> 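What follows is a single structure, and I will ask about it in a moment.
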Protein chains: 2
Amino acid sequence: MHKSTFTVEDVVHLLGVTPRTLHYYEEMGLLEPACRTNGGHRLYDDASLERIRRVLRLKDDMGSSLQEIKLILDAEQALDQLRALYRSDLSETQRDRVLDESIGLMEGMLERVERKLSRLSTLRESIVERLTRARTLRTSMTPIEQPVVKQADES
Amino acid sequence: MHKSTFTVEDVVHLLGVTPRTLHYYEEMGLLEPACRTNGGHRLYDDASLERIRRVLRLKDDMGSSLQEIKLILDAEQALDQLRALYRSDLSETQRDRVLDESIGLMEGMLERVERKLSRLSTLRESIVERLTRARTLRTSMTPIEQPVVKQADES
DNA sequence: ACTAAAACGTACGTTGACGTCAAGTATTGT
DNA sequence: ACAATACTTGACGTCAACGTACGTTTTAGT
């Protein structure tokens, strides 16, 4: 591993968020810095980055509130901990209760994602239809076939 | 046609929005009632319903702001009017300017929808992966195949 | 004609997700 | 050592998208 600790500024540049956003996520209980310096400056690690990325994805792509996101991420974290302590001191019923809760939450999430996918798909269809109808309205001659615009940047 | 005018309460029940939402959309310039009663009560028609549905879809599914939505819907409406006045008094260049602007906007929208679709798709994949991994963590015996939960309510 | 329910306009309140300042401490490059 | 940044906590500000309350009409049902 190269260097697995990131200062606030690092995160800001890497993920395009503001310091305030990191603080706010921390207030929400969504995020803890991996550690602090003697002086109290926050230090994040790769796991933090992954967590933040997941928050942003759920927020931007699914439009979930930070509260919902907290539930999901907590469930995922609980799973990771279960995996870590595979031979844990918890009873099996205890384990399974945690597991079922997390699994249920993720199943619900999956449903919502798929509903959204299908609705977005029909939305796309309607836009495509409108677009083609609009294009046929043009002064008939469209000499150059509109090339499909390809791009994959992420501002 | 059955009856093509709807009161506020009708719309509220049909689309699950509140009166305040309708008023707000009207303030934004997003929506105009088809007409009013003598006393000033709003009356909507099928076109209104379609417009409101489109607003809700763009908002919920794409997460667009009402400002963006206004741009899109105005462009679409301009197209519809062009279609209506096919032999309009506008010059061809005039017409094409309007057309190009609308088309450009809708192409941009289409791109955004497709970007979101692909990102949601990968999000789904990651959830599915986590889910299967979580399921293998269970106390091995899951005698009943988890039946796919089907539901289509909208609270 | 009359009453209850619904709608009106106006205006102020709320909530989530941050932005923005301020005053003081930490860290870093030279 | 020291200036220039960067970070800290705290507090207040902001903006979109409504919610809510109010006193006043309008409409619908009997």
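Chain naming here is simple, since letters A, B, ... match the order of the sequence lines and numbering starts at 1 in each. A quick note: this is a predicted structure, and the numbers were derived from the prediction, not measured.
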> Could you measure the distance from the CE atom of A:Met62 to the CD1 atom of B:Ile127? Nearest 0.5 Å is fine.
7.5 Å

> Nearest whole angstrom, please: distance from the P of C:dC8 to the CZ of B:Arg36.
6 Å

> Can you tell me how far P of C:dC18 sits from CG of A:Leu15, to the nearest Å?
13 Å

> Report the distance from atom CG of B:Asn38 to atom C1' of D:dT25, rounded to the nearest whole Å.
13 Å

> Passes side chain to side chain contact (heavy atoms under 4.5 Å, CB included), B:Ile52 versus B:Leu22? Steps please.
CA-CA 9 Å; B:Ile52 300 173; B:Leu22 297 177; 3.7 Å; yes

> How many whole angstroms separate atom CD of B:Glu27 from atom P of D:dC18?
11 Å

> Just compare C:dA7, C:dC18, D:dT9 and give me whichever is closest to any side-chain atom of A:His23.
D:dT9

> By nearest atom, which of the nucleotides D:dC7, D:dG19, C:dA6 is closest to the A:His41 side chain?
D:dC7

> Please pick, from D:dT8, C:dA6, D:dC7, the nucleotide with the shortest atom-to-atom distance to any side-chain atom of A:Arg42.
D:dT8

> For atom CD of A:Glu26, is the number of surrounding heavy atoms from other residues, nucleotides or ligands below 6.0 Å larger than 12?
yes

> Report the distance from atom OH of A:Tyr24 to atom P of D:dG13, rounded to the nearest whole Å.
18 Å

> Let me know the distance between CZ of B:Phe6 and P of C:dA6, rounded to the nearest Å.
18 Å

> Heavy atoms from C-beta onward define the side chain here; which of C:dA7, D:dT8, C:dA17 lies closest to that of B:Val8?
C:dA7

> Check this for me: A:Glu114, atom CD, are more than 12 non-hydrogen atoms of other residues, nucleotides or ligands nearer than 6.0 Å?
yes

> Where the side chain of B:Tyr25 is defined as all heavy atoms beyond and including C-beta, which of D:dA11, D:dT27, D:dC18 is the nearest nucleotide?
D:dC18

> In plain terms, say whether A:Arg54 and A:Asp61 are close enough for a salt bridge, that is, a side-chain N and a carboxylate O under 4.0 Å apart.
no

> What integer distance in Å separates B:Arg20:CZ from D:dA16:P?
14 Å

> Counting only side-chain heavy atoms from C-beta out, which of D:dA17, D:dT27, D:dA6 sits nearest to B:Ser65?
D:dA17

> Under 4.0 Å: is that the gap between some side-chain N or O of B:Thr37 and OP1 or OP2 of D:dT27?
yes

> Which of these nucleotides, D:dC18, C:dG19, C:dA6, is closest to any side-chain atom of B:Leu66?
D:dC18

> Given atom CD of B:Glu9 and atom P of C:dA5, what is their separation to the nearest angstrom?
12 Å

> Looking at A:Thr18, does any N or O in its side chain come under 4.0 Å of the phosphate oxygens OP1/OP2 on C:dC18?
no

